[in-house]
Amino acid sequence: MLPRDERRFKTADLDGDLAATCEEFTAFLHPEEFEHMKNIVVLETLEDIDKNEDGFVDQDEYIADMFANEEGGPEPDWVITEREQFADFRDINKDGKMDKEEIQHWILPQDYDHALAEARHLVYESDVDKDQKLTKDEVLDNWNMFVGSQATNYGEDLTRNHDEL
């Protein structure tokens with residue numbers, strides 16, 4: 001991990017002084033949020049998933065990153081759906097593998113707001129009466145979903161006093 005962290009740190013260290021400002025340290029910790037760090041995110045993803053080290057992510061590597069079929073039985077429906085996602089949307093140029101540009105499109109989509117998507121998901125799943133508002137009871141009835149959510153800092157925000165609740 002040290003060479004990987006060193007490479008990431010040097011990319012985040014915009015002034016090259018080998019000391020991290022608050023902004024540089026934030027870029028080191030959350031590279032997906034900084035334009036100058038996006039290549040690092042793509043490279044690290046490629047290194048993590050590309051098991052045959054050919055510089056691409058093929059469909060089997062893509063699936064293996066999410067699912068290990070150790071029993072040798074049939075694949076679950078969600079895996080079949082992910083294979084279709086790979087073929088239809090991830091592999092943009094239809095060559096059977098994702099290159100760095102396709103990986104970037106996959107993991108860093110330009111028109112996707114993760115926080116908004118997570119908030120919409122929480123409301124959709126918890127809003128029993130479908131009024132687009134969450135009551136205290138609706139949140140409490142689905143506490144496990146909120147505790148596991150990035151939008152609530154994995155439940156940390158739920159332990160604080162909130163007037164709106």
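Along the sequence shown, residues carry numbers from 1.
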Between [X] and [Y], what is the shortest heavy-atom contact and its length?
{"X": "D17", "Y": "A19", "result": "OD1-O, 2.7 Å"}
{"X": "E138", "Y": "N142", "result": "O-ND2, 3.0 Å"}
{"X": "L14", "Y": "T11", "result": "CD2-O, 4.1 Å"}
{"X": "D127", "Y": "Q132", "result": "OD2-N, 2.6 Å"}

What distance do [X] atom [atom1] and [Y] atom [atom2] have between them, rounded to the nearest 0.5 Å?
{"X": "E24", "Y": "L18", "atom1": "CD", "atom2": "CG", "result": "10.0 Å"}
{"X": "S126", "Y": "L140", "atom1": "OG", "atom2": "CG", "result": "10.5 Å"}
{"X": "D50", "Y": "K97", "atom1": "CG", "atom2": "NZ", "result": "10.5 Å"}
{"X": "L108", "Y": "H105", "atom1": "CG", "atom2": "NE2", "result": "10.5 Å"}

Is there a side-chain contact between [X] and [Y] in this structure, where contact means two heavy atoms from C-beta onward sitting under 4.5 Å apart?
{"X": "V123", "Y": "R120", "result": "no"}
{"X": "R7", "Y": "L43", "result": "yes"}
{"X": "D48", "Y": "T45", "result": "no"}
{"X": "V57", "Y": "D65", "result": "no"}
{"X": "E82", "Y": "F67", "result": "no"}
{"X": "Q59", "Y": "R90", "result": "no"}
{"X": "D5", "Y": "F28", "result": "yes"}

For [Y], does its backbone N or O pair with a side-chain atom of [X] as donor and acceptor, under 3.5 Å?
{"X": "K94", "Y": "A87", "answer": "yes"}
{"X": "K100", "Y": "F56", "answer": "no"}
{"X": "E102", "Y": "D99", "answer": "yes"}

I'd like to know whether [atom1] of [X] has more than 12 heavy-atom contacts from other residues, nucleotides or ligands below 6.0 angstrom.
{"X": "E101", "atom1": "CD", "value": "no"}
{"X": "N39", "atom1": "CG", "value": "no"}
{"X": "D77", "atom1": "CG", "value": "no"}
{"X": "Q85", "atom1": "CD", "value": "yes"}
{"X": "K38", "atom1": "NZ", "value": "yes"}
{"X": "K133", "atom1": "NZ", "value": "no"}

**Message:** Using side-chain contact (heavy atoms from CB on, under 4.5 Å), reason through R8 and M37 one step at a time and then give a plain yes or no.
**Reply:** CA-CA 8 Å; R8 185 189 282 199; M37 298 293 291; 3.6 Å; yes
Do [X] and [Y] share a hydrophobic cluster, counting only Ile, Leu, Val, Met, Phe, Trp and Tyr and linking them when any side-chain heavy atoms are less than 4.5 Å apart?
{"X": "I49", "Y": "V79", "answer": "yes"}
{"X": "M66", "Y": "M98", "answer": "yes"}
{"X": "L116", "Y": "I107", "answer": "no"}

**Request:** On the 0 to 90° scale, with breaks at 30° and 60°, tag the F34-H36 ring pair as parallel, tilted or perpendicular.
**Result:**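 F34 vs H36 ring planes: perpendicular.
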**Message:** Parallel, tilted or perpendicular: which one describes the rings of F86 and Y62, with boundaries at 30° and 60°?
**Reply:**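 Plane angle between 30° and 60°, so tilted.
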**Prompt:** According to the salt bridge (Lys or Arg N to Asp or Glu O under 4.0 Å) rule, which pairs have a member within residues 52-64, sequence neighbours left out?
**Reply:**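 Qualifying pairs: D60-R83.
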